[in-house]
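Atom set for the values below is all heavy atoms of this structure, side chains included, hydrogens, waters and symmetry mates excluded. Counting convention: from 1, in listed order, for ligands and their atoms alike. Numbering starts at 1 and runs along the sequence shown.
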Amino acid sequence: MKILIAEDDMVTQRKLEACLLDWNYEVVVAGDGEAALQALQGEDAPRLAVLDWMMPWKDGLKVCEEVRNAKAEPYVYIIILTVRDRKEDVVQGLEAGADDYLTKPYDVHELKARLRTGRRILALQEALLSARDALRFQATLDPLTGLWNRKAMVANLKKEIARSERNNNSISIMMVDLDHFNRINETHGHLAGDSILRDTAQRIKSVSRVIDDVGRYGGEEFMVISAGQDATKKSGQGERIRNAISDCAMDISEGMIQLTASVGVATSGNAKETNPNSLLLAADLALSRAKALGGNRVVEARAEEVQVMSMANRGISDSRRRMPNKPRFAA
Ligand SMILES: [Mg+2]
């Protein structure tokens with residue numbers, strides 16, 4: 001494990017370094033506070049530090065304060081090692097953000113034990129951080145299908161729009177909705193419904209590109225974000241999704257069920273005029289048109305519709321679901 005020694009007294013520095021090397025630490029040495037701070041804020045910085053209090057340019061307590069103020073992750077475990085041994089000094093050192101305080105002359109066994117405590121704290125913190133990251137990732141997924149959830153898809157859409165503006169690409173979204181899905185839930189129960197949703201998710205994924213974002217937008221509605229393709233390829237993708245769902249029957253435990261899907265596609269004509277809501281609304285409108293025509297088809301929103309939506313919705317956050325006049329699906 002990497003460890004920083006910040007110590008301006010050469011004799012102490014050498015002695016300390018020899019000990020730490022002997023205990024299998026990878027030692028980084030700084031002769032003053034400024035160099036210590038740099039070492040702790042650089043890339044692949046040590047996460048354990050033994051700082052002298054009195055050093056040129058910046059004292060150990062100041063280094064400690066600056067590290068804490070930066071609130072950087074991962075955490076740096078800091079031990080102050082100093083000749084200042086009054087009670088008030090110890091309090092001052094700990095208040096500056098040090099985790100531990102040792103006075104010189106120090107006992108090597110004690111130092112070794114205290115470093116072990118530091119490592120234990122760092123290991124605990126690491127476990128906490130990875131648990132937190134795993135939770136954050138879980139929060140972006142739809143638990144039933146394993147696809148992105150709606151919140152993540154809206155965030156992805158914003159990101160993809162920003163990227164397409166930079167690259168001057170168009171961007172398409174496809175809203176995919178299973179036809180007559182309610183009947184399945186009513187006739188065969190929710191378990192059958194869930195298995196169909198999982199199957200549908202897999203089928204949509206299987207005909208999407210790796211770089212497309214595929215998500216479950218809610219209920220039996222799925223969404224695909226596709227950037228950087230030309231218009232013909234995009235409408236082809238809508239058809240591929242529709243075919244993937246209707247081509248062969250889906251297996252529910254009590255038998256096979258034939259399903260179809262409707263797809264609404266909206267493509268940004270000019271990325272500079274695009275906002276997430278205009279695309280969502282235009283795709284939704286196209287989807288309800290597909291439903292009104294009997295379902296099992298792909299309908300594309302006209303370019304001017306996307307433009308109109310864009311002007312009407314500029315600056316409004318994702319409010320599509322709360323729109324009073326949101327088109328209801330007929331089929
Ligand atoms: Mg000193």
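A cation-pi geometry, defined here as NZ or CZ lying under 6.0 Å from the six-membered ring centre and within 45° of its normal, does not hold between Lys205 and Phe222.
The atom name of the N/O/S atom in Asp52 closest to the Mg ion (ligand 1) is OD2.
Scanning all heavy atoms of the two residues, the minimum distance from Ile5 to Gln13 falls at CD1-O, 4.3 Å.
Among the atoms of Met54, an N, O or S atom is found under 2.8 Å from the Mg ion (ligand 1). For a distance bound of 2.8 Å, the N, O or S atoms of Asp8 include one lying that close to the Mg ion (ligand 1).
Test Leu147, Ile241, Val263 against Ile204 for side chain to side chain contact (heavy atoms under 4.5 Å, CB included) and you get one pass: Ile241. When each of Ile79, Leu81, Asp89 is checked for a side chain to side chain contact (heavy atoms under 4.5 Å, CB included) with Tyr101, only Asp89 meets the rule.
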